[in-house]
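For reference, the structure is listed below as structure tokens.
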Amino acid sequence: MKITALNGFKDIVPGEVELWQRVETAARTIFSRFSFSEIRMPILEKTELFSRSIGESTDIVEKEMYTFVDKQITMRPEATASLLRAYIQHGLHVQKPIQRLFTIGPMFRHERPQKGRLRQFHQMDVEVIGAQNPRVDAELMAMGALLLEELGLTVSLELNSLGCPACRPDFRQALLAFLEDRHEALCDDCKRRCTSNPLRVLDCKNPSCRTLVEEAPSIQEHLCQGCSDHFGVVQEGLQQLGVPYSLNKFMVRGLDYYTRTTFEFITGDLGAQAAVGAGGRYDGLIEQLGGPKVPGIGFALGMERLVLLLQQQEGEEVAEGESDLFVAGLGEVATNFVFPLVHALRRKGLQVATDYEGRSLKSQMKQANKAGAKWVLIIGDTELEEGQAVLRDMQSQEQEKIRIGTGVDALLSLLLQAFEKKKISLEQ
RNA sequence: GUGGGUGUAGCUCAGCUGGUGGUAGCACCUGGUUGUGGCCCAGGAGGUCGUGGGUUCAAGUCCCAUCACUCACCCCA
């Protein structure tokens, strides 16, 4: 084959797409239970939106964005910035003091693809804008946990606080001092991180860095009073809601805008990609983007990762296709009769499949079986002469004759009557 | 951007130290039933062995390059 999809871009084909629908349906159900409204934004935004929100010096902005350089526009690498832009642009804070919004869609990052990480990937993104109360943080995590639970996935929740502009600089200084003393013991990546983003040293995967960092100052002990109180209530809230979590003082977020609460839903079953969802609070961001001075918190779930987990958990079995009825026509005359009949049945709301290639009855029965048809209606020249079509129940293998009468309409009403009698099995 | 692994039928894969591409499984089509599915049996169709060079009498197999896929690093959902 000559033309294939781009590296890191994937088709979601029948057999797999059912799982995606399941994830999405479950999410919409839960989100609406928690009073979230959907919002949909464009995929292209001005480049500046992302460089200002995500952070000029992050990897995402520095080298991973799909940008049309000549036009200064970028395909969104994450949803929060776009969502906040829309929030500000439409003055949504005026309509409601607290906005609860979610969005589902594709994001784009030019990274090297690997398991659970693509260049076009999909996220379900949830944001609460305007709420400062730590209970909201706890509730948001509880909602994420509930969704994952409903999907049948077992993941753990890790929690940290990154402080705020008042207390983080102090911690940063303390950490830097600690790292400088041990600079030679750090891996090459961490030596680089000391200047680029010291907090990142905390979650280095290198074993020697990990042990070294055990002794490092803890952010949780450097929080200012406000942040410390907030963090405390978040944890109380989680306990009240019965959401299990563990504190992880090494957890750091990649995006610049996070403040206070940060969290990740973690799994050990996805190779290097441990996080199936993550998020946190971003209290200064909306103002920084030119909006009102309101706080915000949100998180994103990686849909590819959720689908991968579901596939691993229950196999990649293809969901059987389903239709109510397969109509088998035999011969030229019957086929001409069947063609409009099928359409009439579909207009009545039935799922109907049929054959278009004039194949043998055996072949059509096979198709019907594969399509998961509950009934097959057989109409050949014999049936047309007799004025009776054969209706076969695929499960019980029973067949009955149905009067065709004078035409499509007559047969249609008889068929619907026949289905009516079996309504119970239709609904199953 | 950096490293490792893998490219043979639609899919999953055999193919030994070079000697004519597999009776492989799944899927597909036809037949076994002159008009009846799942199971079974028989047959059929389906390939530029990723691509381009090189070595050789001879390359799916060895060498080089290239592309693609994949896992990991970096980073992240």
Side-chain angles (χ1 to χ4, degrees), chain A residues 1-10 13 15 54-55 57-64 77-80 104 106-126 144 155 187-190 192-193 196-197 200 203-206 251-255 263-267 270-280 298-309 316 318 320 326 328-331 334 357 359-383 390-395 397-399:
Chain A
M1 192 199 282
K2 271 210 160 99
I3 301 180
T4 55
L6 294 170
N7 189 16
F9 289 71
K10 278 262 191 309
V13 294
I54 297 170
S57 64
T58 57
D59 276 19
I60 293 178
V61 170
E62 270 187 359
K63 49 191 193 198
E64 293 173 2
E78 58 119 31
T80 304
I104 299 175
M107 314 291 157
F108 304 84
R109 289 182 203 170
H110 192 102
E111 302 174 273
R112 201 67 168 262
Q114 64 189 74
K115 189 182 172 86
R117 195 181 74 181
L118 296 175
R119 288 181 172 174
Q120 176 178 334
F121 58 105
H122 299 78
Q123 288 188 339
M124 304 190 293
D125 199 70
V126 185
V155 300
C187 71
D188 290 344
D189 282 327
C190 283
R192 180 175 53 74
R193 287 181 181 118
S196 64
N197 189 349
R200 279 253 155 245
D203 71 350
C204 180
K205 283 174 187 166
N206 186 308
M251 191 180 71
V252 173
R253 314 271 47 241
L255 285 51
F263 57 95
E264 287 184 356
F265 291 102
I266 302 283
T267 174
L270 280 182
Q273 270 59 241
V276 299
F299 74 98
L301 291 158
M303 294 184 76
E304 277 78 6
R305 295 180 183 180
L306 294 177
V307 169
L308 272 174
L309 284 177
E316 296 182 32
V318 178
E320 281 272 315
F326 188 97
L330 300 165
E357 306 297 324
R359 289 206 248 236
S360 69
L361 180 57
K362 174 175 175 152
S363 167
Q364 295 197 49
M365 290 300 289
K366 281 188 177 179
Q367 289 179 60
N369 189 54
K370 259 190 75 179
K374 298 185 186 72
W375 291 283
V376 175
L377 185 70
I378 301 165
I379 300 177
D381 295 343
T382 321
E383 282 72 23
V390 174
L391 182 63
R392 178 183 177 86
D393 184 317
M394 291 295 274
Q395 205 172 4
Q397 305 187 34
E398 285 166 11
Q399 297 193 170

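The sequence lines fix the lettering, A, B, ..., with proteins before strands; numbering per chain opens at 1. In this text the structure is predicted, and so the values were computed from the model without any measurement.
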Assess whether a salt bridge exists between A/Glu64 and A/Arg119, defined as any Lys/Arg side-chain N lying under 4.0 Å from an Asp/Glu carboxylate O.
no

Base, sugar-phosphate or nothing for A/Leu306? Non-hydrogen atoms, less than 4.0 Å.
nothing

Please work out if A/Asn7 contacts a base, only the sugar-phosphate, or nothing of the nucleic acid, heavy-atom cut-off 4.0 Å.
sugar-phosphate

Does the structure show a Watson-Crick or G-U wobble partner for B/U61, both distances under 3.5 Å? Name it, or say none.
none

Using a 4.0 Å heavy-atom cut-off, does A/Glu64 contact any base of the nucleic acid, only the sugar-phosphate backbone, or nothing at all?
sugar-phosphate

In Watson-Crick or G-U wobble terms, with both distances under 3.5 Å, the base opposite B/U2 is B/A72

Look at the side chain of A/Arg112 and the base of B/C74, then say whether one donor and one acceptor between them are separated by less than 3.5 Å.
no

Is B/G43 paired to anything, Watson-Crick or G-U wobble with both distances less than 3.5 Å, and if yes, which nucleotide?
B/C29

Polar pair under 3.5 Å, donor/acceptor by atom type, side chain A/Gln395, base B/G38:
no

Remember a base hit wins even if backbone is also touched, and classify A/Leu118 as base, sugar-phosphate or nothing at under 4.0 Å, heavy atoms.
base

Find the distance A/Lys374:NZ to B/G38:P and express it as a whole number of Å.
20 Å

Check this for me, if you would: do A/Glu398 and A/Arg392 make a salt bridge, where the nitrogen-to-carboxylate-oxygen distance has to be below 4.0 angstrom?
no

What is the distance, rounded to the nearest whole Å, between atom CD of A/Gln399 and atom C1' of B/U36?
7 Å

